[in-house]
J.: 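Let me begin by handing over the structure; questions about it come next.
The figures that follow rest on heavy atoms only: side chains count, while hydrogens, waters and symmetry mates do not. Atoms within each ligand, like the ligands themselves, are counted from 1 in listed order. Here, residue 1 is the first one in the sequence, and each next residue gets the next number.
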Amino acid sequence: MTRIAITGAAGRMGRVLIQAVDAAEGADIGAVIVRHDDPMLGIDAGAIAGLGKDLGISAVASLDEVADQFDVLIDFTTPVATLANLAFCQHHGKCIVIGTTGFSDAEKAILADTAKHTGVVFAPNYSVGVNLCLNLLRMAAKVMGEESDIEVVEMHHRHKVDAPSGTALRMGEVVAETMGWDLKEVACYGREGQTGARPHKQIGFETIRGGDVVGDHTVMFATEGERVEVTHKAQSRMTFARGAVRSALWIPTQGAGLYDMQDVLGF
Ligand code: NAP
């Protein structure tokens with residue numbers, strides 16, 4: 001049995017992650033961690049997740065309290081919290097699965113550096129469908145990229161704090177890599193006013209926020225005469241949670257290193 005700890009356990013993803021671990025074969029909840037002032041502190045993981053049963057694991061306020069009680073940490077929180085939790089995992093020889101998005105380049109460099117010493121899975125999206133889409137995008141960029149205008153449109157619920165989404169950025173990166181472009185040079189984040197005509201060598205990003213949308217992404221390849229759109233719509237957070245749990249069961253079998261969901265799926 002792989003014992004899994006979940007940080008940010010009272011959050012939107014945290015609650016669904018508890019459900020996913022509880023339902024997974026070969027995985028047990030080892031610990032759940034919430035903020036020291038969270039109303040869920042001391043509450044059973046089953047109650048936090050709304051499972052209608054107790055799991056016998058009460059929420060604690062720090063990883064130090066449960067260092068001996070888990071093998072892999074799943075962390076969907078914020079960049080600052082994740083980096084602190086990553087340092088804990090490195091220090092205690094634990095693997096970590098990171099779902100948090102919105103890291104700066106400097107924070108990503110710390111993450112890559114730490115992964116030299118411990119197993120880290122880091123993916124902006126743990127759904128199988130989005131990872132399939134990344135491969136479809138490579139194919140579309142190879143076949144149509146040269147003559148297409150490429151735009152990425154994403155929509156998420158009103159609570160999301162980073163934009164564009166980590167998944168939208170990853171989609172843009174995959175297309176840019178395939179085209180031999182540097183995303184930093186070709187990205188255009190929204191348009192307003194007298195923008196002039198669209199340059200060809202550009203990847204546009206449009207962000208929509210509203211309601212309870214779990215996550216919609218479309219990448220358009222628009223040419224004169226036709227348009228190909230690769231679209232993914234997540235209908236439930238469980239799709240991300242299942243992928244994260246799958247990653248948590250996979251990572252202990254690997255050595256130290258930085259992996260993503262494409263590695264976990266064997267793409
Ligand atoms: P959320 O509902 O805000 O949950 C985050 C949880 O982390 C909250 O309980 C929050 O507590 C806690 N937290 C934040 N900072 C903390 C800190 N310094 N110490 C302790 N706890 C802290 O957000 P969410 O919708 O679950 O999303 C979480 C992250 O996962 C986001 O970055 C999101 O983009 C990402 N995400 C990734 C995927 C994927 O497949 N990779 C899928 C969905 C979401 P408070 O509420 O008290 O701040």
J.: Report the member of Arg12, Arg35, Arg15 with the shortest heavy-atom distance to atom 21 (N) of ligand 1.
T.: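 Of the listed residues, Arg35 has the closest heavy atom.
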J.: Could you check if a side-chain atom of Val121 sits within less than 4.5 angstrom of a side-chain atom of Ile98, using non-hydrogen atoms only?
T.: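 Result no, sub-4.5 Å side-chain heavy-atom pair not found.
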J.: Under 4.0 Å from atom 46 (O) of ligand 1, is there any protein heavy atom?
T.: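 No, because not a single protein heavy atom sits under 4.0 Å from atom 46 (O) of ligand 1.
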J.: Near Lys233 NZ, under 6.0 Å, is it more than 12 heavy atoms from other residues, nucleotides or ligands?
T.: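 It does not: Lys233 NZ has 12 such atoms or fewer within range.
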J.: May I ask you to list the atoms of ligand 1 that are less than 4.0 angstrom from any heavy atom of Ala123?
T.: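 It comes down to these atoms of ligand 1: 41 (N).
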J.: Does any N or O atom in Ala81 lie less than 3.5 angstrom from one in ligand 1, N or O only?
T.: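 There is no such contact.
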J.: Is there any N or O on Met13 that sits under 3.5 Å from an N or O of ligand 1?
T.: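 Checking ligand 1 against Met13, an N or O pair does fall under 3.5 Å apart.
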J.: Is there any N or O on Pro124 that sits under 3.5 Å from an N or O of ligand 1?
T.: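 Between Pro124 and ligand 1 (N or O atoms, distance only) the closest approach is under 3.5 Å.
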J.: Is Glu206 salt-bridged to Arg191, going by a charged N under 4.0 Å from an acidic O?
T.: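 Salt bridge between Glu206 and Arg191, a charged N being under 4.0 Å from a carboxylate O: yes.
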J.: Regarding ligand 1, does Tyr126 bring an N or O atom to under 3.5 Å of one of the ligand's N or O atoms?
T.: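 So ligand 1 has an N or O lying under 3.5 Å from an N or O of Tyr126.
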J.: Looking only at distances, please establish whether an N/O atom of ligand 1 is found under 3.5 Å from an N/O atom of Thr101.
T.: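 N/O-N/O distance under 3.5 Å: yes.
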J.: I'd like to know if Lys160 contacts ligand 1, where contact means a heavy-atom distance under 4.0 Å to any ligand atom.
T.: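 Yes; Lys160 lies near enough to ligand 1 that a heavy-atom distance drops under 4.0 Å.
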J.: Scan residues 29-48 for pairs that pass side-chain hydrogen bond (donor to acceptor under 3.5 Å, both in side chains), counting only residues two or more places apart or in two chains.
T.: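 Non-adjacent pairs meeting side-chain hydrogen bond (donor to acceptor under 3.5 Å, both in side chains): zero.
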J.: Counting only heavy atoms on the protein side, is anything nearer than 4.0 Å to atom 29 (C) of ligand 1?
T.: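 So atom 29 (C) of ligand 1 has protein heavy-atom neighbours under 4.0 Å.
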J.: May I have all residue pairs that pass ring-ring contact (aromatic ring centres under 6.0 Å, His included) and include part of residues 58-101, sequence neighbours excluded?
T.: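 Only Phe76-Tyr126, Phe88-His92 qualify under ring-ring contact (aromatic ring centres under 6.0 Å, His included).
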J.: Is the shortest distance from a heavy atom of Val80 to ligand 1 less than 4.0 Å?
T.: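 Checking ligand 1 against Val80, which is what was asked, there is no heavy-atom contact under 4.0 Å.
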J.: Under 4.0 Å from a heavy atom of Thr77: give me the atoms of ligand 1 that qualify, with their elements.
T.: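 Those atoms are 7 (O), 28 (C), 29 (C), 31 (C), 32 (O).
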J.: What are the two closest heavy atoms between His232 and Cys133, and how far apart are they?
T.: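 For His232 versus Cys133, the nearest heavy atoms are CB-SG, 4.0 Å.
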